Peer 1: 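First, the structure itself, so that you have it in front of you.
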Amino acid sequence: MGLQLYNSLTRRKEEFEPLEKGRVGIYVCGPTVYGHAHLGHAKSYVSFDVLVRYLRYLGYAVTYVQNVTDVGHLTDDADEGEDKIAKEAKKEKTHPMALAEMYTRSFFEDMDRLNCLRPDISPRASGHIIEQIELVKTLVETEYAYEVNGSVYFDVSKFEEYGKLSGRNIEEMQAGARVEVSPDKKNPADFALWKKAEPNHIMQWPSPWGKGYPGWHLECSAMSMKYLGATVDIHGGGLENQFPHHECEIAQSEAANGVQFVRYWMHNNMVTVDSQKMGKSLNNFITLKQAFSGAHERLTRSYEPLAVRQLILNSHYRSPLDFSDAALFAALSGYGKIADVVKGVRKMAPQAPEGDIEGEVAEQLEQFKGRFEEAMNDDLNTSVALSVVFELVRLANTLLEDSSTTAATLGAVDDLFTRLGGDVLGVVKDEYEQTGRAGEAMMDKLVNVLIDQRNQARKDRDFARADSLRDSLDEVGIVLEDTPQKTTWRMK
RNA sequence: GGCGGCGUAGCCAAGAGGCCCAAGGCGACGGUUUGCAAAACCGUUAUUCGCCGGUUCGAAUCCGGCCGCCGCCUCCA
C-alpha cells in the first residue's frame with residue numbers, strides 16, 4: 001500500500017496520487033511576519049517539512065511553495081480592522097516593510113535551525129499585488145464579487161459550495177456571528193478581496209477600484225495559481241485556518257478557474273500550553289528563540305533546536321501538542337541518545353574490521369526500513385517512525401560494543417540512520433560539529449590535559465585525586481565517559 | 001447556540017474490532033559492565049485504556065449515556 005493521507009475535505013484517509021505522475025505541488029500557508037516565530041509555527045512547518053521530505057524520499061519531484069504574508073492580514077474583518085503588520089510597525093516605529101523584512105529573516109533563521117528545508121518558492125504577498133488585482137478583476141467580471149465604496153467583496157451566496165471544507169453553512173454562521181457586520185456587505189459571510197485604503201495608510205496600491213490593499217485570503221489563491229497552477233495537489237496549513245481562510249481560498253479560486261482548487265487539504269493541530277491554545281493574540285506563546293536560549297519563565301534550560309523538532313515528531317501532526325518543559329526535556333534526552341550513537345557509528349566505521357555486512361543485521365535493517373515506511377505511509381505516523389529509529393539505536397549500540405562488527409555493517413547502519421532519521425525525519429544531522437571552531441579545539445585540548453592527569457591518577461590507583469578531577473569538570477558541566485580504550489568527554 | 005476533536009502508565013505518546021495481559025521515548029528501580037561513576041546493554045515499571053451501560057464468540061478500539069478538557073464559528077501555524 002502506498003502513501004495514505006488524511007484529506008480534510010473528505011474527512012478520511014485517501015491513497016495519495018498526484019495530478020501529474022511523479023510530480024507534486026504543495027502550497028503551505030506561511031507566517032504573517034509581525035513577530036518572531038513560536039512553537040506553533042514550529043509544529044506546522046516541521047510537520048509539512050516532513051511531508052515534503054518523505055515525498056522526495058519516495059521519489060517524487062516536489063515543488064514546495066510557502067508564502068510570506070507581509071500585507072493585508074487584518075486584525076479582524078470588520079471595517080476598523082487594522083493591518084497586523086502596519087499596526088506592529090507603528091508600535092515599533094518602523095516602516096511596515098522593514099518590520100516584515102526583519103521578521104521574515106528571523107523566521108527563516110529559526111526554520112533553518114529546526115532543520116526545515118527551505119521552500120522552493122517563498123512568495124511575498126506584497127510582491128504579487130498585480131496577480132491579486134487580476135484575480136479580483138476576474139471575480140468582479142464574472143459577478144462573483146461586487147464593489148462598494150472602493151472595496152471589493154466576494155459574494156458568498158453565488159458560490160454554492162461555500163462551507164464544503166469546514167462543514168458549515170451560511171445560515172448557521174449568521175446565527176453565531178460575533179463580529180459587527182460591515183454595512184457594505186450584502187451578506188454577513190461575504191469577505192473582502194480588496195480594501196480601500198485611507199490616505200494615511202502606508203501600504204497601498206492603485207487598482208481599478210482606487211487606492212487600496214488586498215484582503216488576506218486573496219494572496220494564497222493568487223500565488224498558488226501562479227506557481228502551481230489552477231489545481232494544486234496538496235494545500236497545508238494550521239487547523240485554525242480551515243475556516244474562514246481556506247474556505248475563502250476555495251471559493252475565490254474555484255469561482256475564478258472553474259476547476260478544483262486543492263485535491264488534498266491537510267491541517268495540522270495546535271500547540272497548547274497548559275491546555276490553553278497558544279496564540280499570538282493570547283500572549284501565552286513561547287518563541288523559538290526563547291526555546292533555543294531558555295529565556296522564558298516556563299523553561300528550565302536552553303534547548304537544542306532539534307530537540308524541539310524531535311518533540312514535535314514524537315506525536316502525530318493531527319494531534320494537539322500540549323507543551324511542557326518536562327516533555328521538551330524528555331525529547332532532548334531522546335534526541336541526544338540518537339545523536340550519540342550516530343556519532344559513535346561514524347567514528348568507529350573507518351577503524352572497524354573489514355568484511356561483509358552481517359546477514360542477520362542486513363535483514364534487521366531491511367525490516368526496520370519496511371516498518372518505518374509503513375508508519376509514514378499511514379498518514380505520516382512520525383511517532384511510530386521514530387520508535388523504529390529508536391530500535392535502530394539499540395541495535396547500533398549493541399553492534400558498537402562488539403569489536404568484531406565490520407565496517408560494512410556499521411556503514412549500512414549509518415546509511416539507514418542518514419536516510420530515515422536524517423533525510424526523512426530531519427533529526428539526524430549529516431555532520432555533528434565536534435571541534436569546528438577555534439574555541440572548541442582549545443577547549444578539547446584543555447579538557448584532555450585534565451583527562452590525562454586523571455588517567456595517570458587512576459593508573460596510580462589514586463582514586464581520590466581521579467574523582468576530584470572528574471568532579472571539578474562536572475561542576476563546569478563536563479561529563480567524562482571511560483571506555484577500555486580511552487576517556488571521552490561531553491557537555492551535560 | 002452550531003460544528004469538530006480529545007481523555008491510554010509518574011510524564012510525553014502510538015494503537016482504532018481478535019497479532020494488545022497495549023509500541024516507542026523520558027523518568028524510576030534492579031542487574032551486567034566499571035576502582036567508583038558515566039554511557040551502553042538486559043530486566044521490571046498500565047491484566048488495562050475517563051466513568052457507566054450495550055452490541056459482539058471477542059472492544060482501548062463500535063453504539064448510547066454521563067463526567068472532564070480543548071478547538072473552530074473573529075485575527076492566529
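Since the structure is predicted, the reported quantities are computational estimates derived from the model, not experimental observations. So that the names make sense, note that chain A is the first sequence line, chain B the second, and so on, each numbered from 1.
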Peer 1: Touch check for A:V388, heavy atoms < 4.0 angstrom, all strands: base, sugar-phosphate only, or nothing?
Peer 2: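 If one applies the 4.0 Å heavy-atom cut-off, A:V388 turns out to touch nothing in the nucleic acid.
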Peer 1: Consider side-chain hydrogen bond (donor to acceptor under 3.5 Å, both in side chains). Of A:N269, A:T382, A:N268, A:D379, which one does A:Y317 pass it with?
Peer 2: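 It is A:D379; the other options fail the test.
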Peer 1: Is there, by distance only and without an angle test, a donor paired with an acceptor across the side chain of A:R490 and the base of B:rA39 below 3.5 Å?
Peer 2: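 By the distance-only test, no, there is no pair.
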Peer 1: Any base atoms under 4.0 Å from A:S383, or only sugar-phosphate, or nothing? Heavy atoms, all strands.
Peer 2: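 Base contact.
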Peer 1: Using atom CG of A:L321 as one end and atom P of B:rG71 as the other, report the distance to the nearest whole Å.
Peer 2: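 About 14 Å, once rounded to whole Å.
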Peer 1: Between the base of B:rG35 and the side chain of A:D467, is one N or O donor paired with an acceptor at under 3.5 angstrom?
Peer 2: yes
Peer 1: Assign A:N241 to base, sugar-phosphate, or nothing according to its heavy-atom contacts below 4.0 angstrom with the strands shown.
Peer 2: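 It contacts sugar-phosphate atoms only.
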Peer 1: Could you please name the partner base of B:rC41, counting Watson-Crick and G-U wobble pairs only when both distances are under 3.5 Å?
Peer 2: B:rG31
Peer 1: Spell out yes or no: do the side chain of A:R458 and the base of B:rG35 have one donor N/O and one acceptor N/O closer than 3.5 Å?
Peer 2: yes
Peer 1: Go ahead and name the base partner of B:rG64; Watson-Crick or wobble counts if both distances stay under 3.5 Å, otherwise write none.
Peer 2: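 With both distances under 3.5 Å, B:rG64 matches B:rC52.
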Peer 1: Let me know the distance between OH of A:Y34 and P of B:rA77, rounded to the nearest Å.
Peer 2: 6 Å
Peer 1: How many Å lie between CG on A:D402 and P on B:rC42, as a whole number?
Peer 2: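 My rounded result for the distance is 14 Å.
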Peer 1: Mark yes or no for a side-chain to base donor-acceptor pair under 3.5 Å between A:D325 and B:rC11, with no hydrogen or angle criteria applied.
Peer 2: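 Answer no: no donor N or O sits under 3.5 Å from an acceptor.
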Peer 1: Pick the nucleotide of RNA chain B nearest each of A:N268 and A:S166; which residue has the one closer to the 5' end?
Peer 2: A:S166
Peer 1: Can you check the A:D378 CG to B:rA16 P distance for me, whole Å?
Peer 2: 7 Å
Peer 1: Starting from the 5' end of RNA chain B, give me the residue, A:L311 or A:F329, whose nearest nucleotide shows up first.
Peer 2: A:L311
Peer 1: At under 4.0 Å between heavy atoms, what does A:H245 touch on the DNA or RNA strands: base, sugar-phosphate, or nothing?
Peer 2: nothing
Peer 1: Does the pair A:D460/A:R465 count as a salt bridge with the N-to-O cut at 4.0 Å?
Peer 2: no
Peer 1: What about A:R470, does its side chain sit under 3.5 Å from the base of B:rC36 through a donor-acceptor pair?
Peer 2: yes
Peer 1: Could you check whether any side-chain N or O of A:D190 sits under 3.5 Å from a backbone N or O of A:K185, counting only pairs where one atom can act as donor and the other as acceptor?
Peer 2: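 Flag not set: sc A:D190 to bb A:K185 has no pair under 3.5 Å.
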Peer 1: For B:rC57, what is the paired nucleotide under Watson-Crick or G-U wobble rules, both distances under 3.5 Å?
Peer 2: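 Answer to the pairing question: B:rG18, which forms a Watson-Crick or G-U pair with B:rC57.
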Peer 1: Mind checking who B:rG10 pairs with, Watson-Crick or G-U wobble, both distances under 3.5 Å?
Peer 2: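 The base-pairing partner of B:rG10, which may sit in any strand shown, is B:rC26.
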Peer 1: Using a 4.0 Å heavy-atom cut-off, does A:G40 contact any base of the nucleic acid, only the sugar-phosphate backbone, or nothing at all?
Peer 2: base
Peer 1: Any base atoms under 4.0 Å from A:R454, or only sugar-phosphate, or nothing? Heavy atoms, all strands.
Peer 2: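 Base contact.
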Peer 1: Ignoring backbone atoms, establish whether A:K459 has a side-chain N or O less than 4.0 Å from OP1 or OP2 of B:rG35.
Peer 2: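 No, because none of the side-chain N or O atoms of A:K459 sits under 4.0 Å from OP1 or OP2 of B:rG35.
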Peer 1: Mind checking A:N397 for me? I need base, sugar-phosphate or nothing, with any heavy atom below 4.0 Å counting as a touch.
Peer 2: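 Answer is sugar-phosphate: A:N397 comes under 4.0 Å of backbone atoms only.
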Peer 1: Just by modelled atom types, is the A:L321 backbone N or O under 3.5 Å from a matching donor or acceptor in the A:S315 side chain?
Peer 2: no
Peer 1: For the side chain to side chain contact (heavy atoms under 4.5 Å, CB included) test, which of A:N7, A:L55, A:V28 pairs with A:I234?
Peer 2: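 Only one of A:N7, A:L55, A:V28 forms a side chain to side chain contact (heavy atoms under 4.5 Å, CB included) with A:I234, namely A:L55.
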Peer 1: Should A:N381 be listed as having a side-chain N or O under 4.0 Å from OP1 or OP2 of B:rA14?
Peer 2: no
Peer 1: Does NZ or CZ of A:R118 fall inside the cone over A:F108's six-membered ring, less than 6.0 Å from its centre and within 45° of the axis?
Peer 2: yes
Peer 1: How is A:Y45 classified with respect to the nucleic acid when contacts are heavy atoms under 4.0 Å: base, sugar-phosphate, or nothing?
Peer 2: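 Sugar-phosphate, backbone atoms only, no base.
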Peer 1: Does the side-chain ring of A:F463 lie flat on the base of B:rG35, meaning centres under 5.5 Å and planes less than 30 degrees apart?
Peer 2: yes
Peer 1: Centre-to-centre under 6.0 Å for A:F107 and A:Y45, is that the case here?
Peer 2: yes
Peer 1: Using the C1' atom as the point on both nucleotides, what is the distance between B:rC67 and B:rG53, in whole Å?
Peer 2: 15 Å
Peer 1: Can you tell me the base-pairing partner of B:rU47? Count Watson-Crick or G-U wobble geometry only, both distances below 3.5 Å, and say none if there is no partner.
Peer 2: none
Peer 1: Select base, sugar-phosphate, or nothing to describe what A:L480 touches, counting heavy atoms under 4.0 Å on all strands.
Peer 2: base
Peer 1: Taking OP1 and OP2 of B:rC72, is either one under 4.0 Å from a side-chain nitrogen or oxygen of A:K277?
Peer 2: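 For B:rC72, OP1/OP2 do have a side-chain N/O of A:K277 under 4.0 Å.
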Peer 1: What is the base-pairing partner of B:rG71, counting Watson-Crick and G-U wobble geometry with both distances under 3.5 Å?
Peer 2: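 B:rG71 is paired with B:rC3.
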Peer 1: Give a yes/no answer on whether the side chain of A:T483 brings an N or O atom under 4.0 Å of OP1 or OP2 in B:rA39.
Peer 2: no
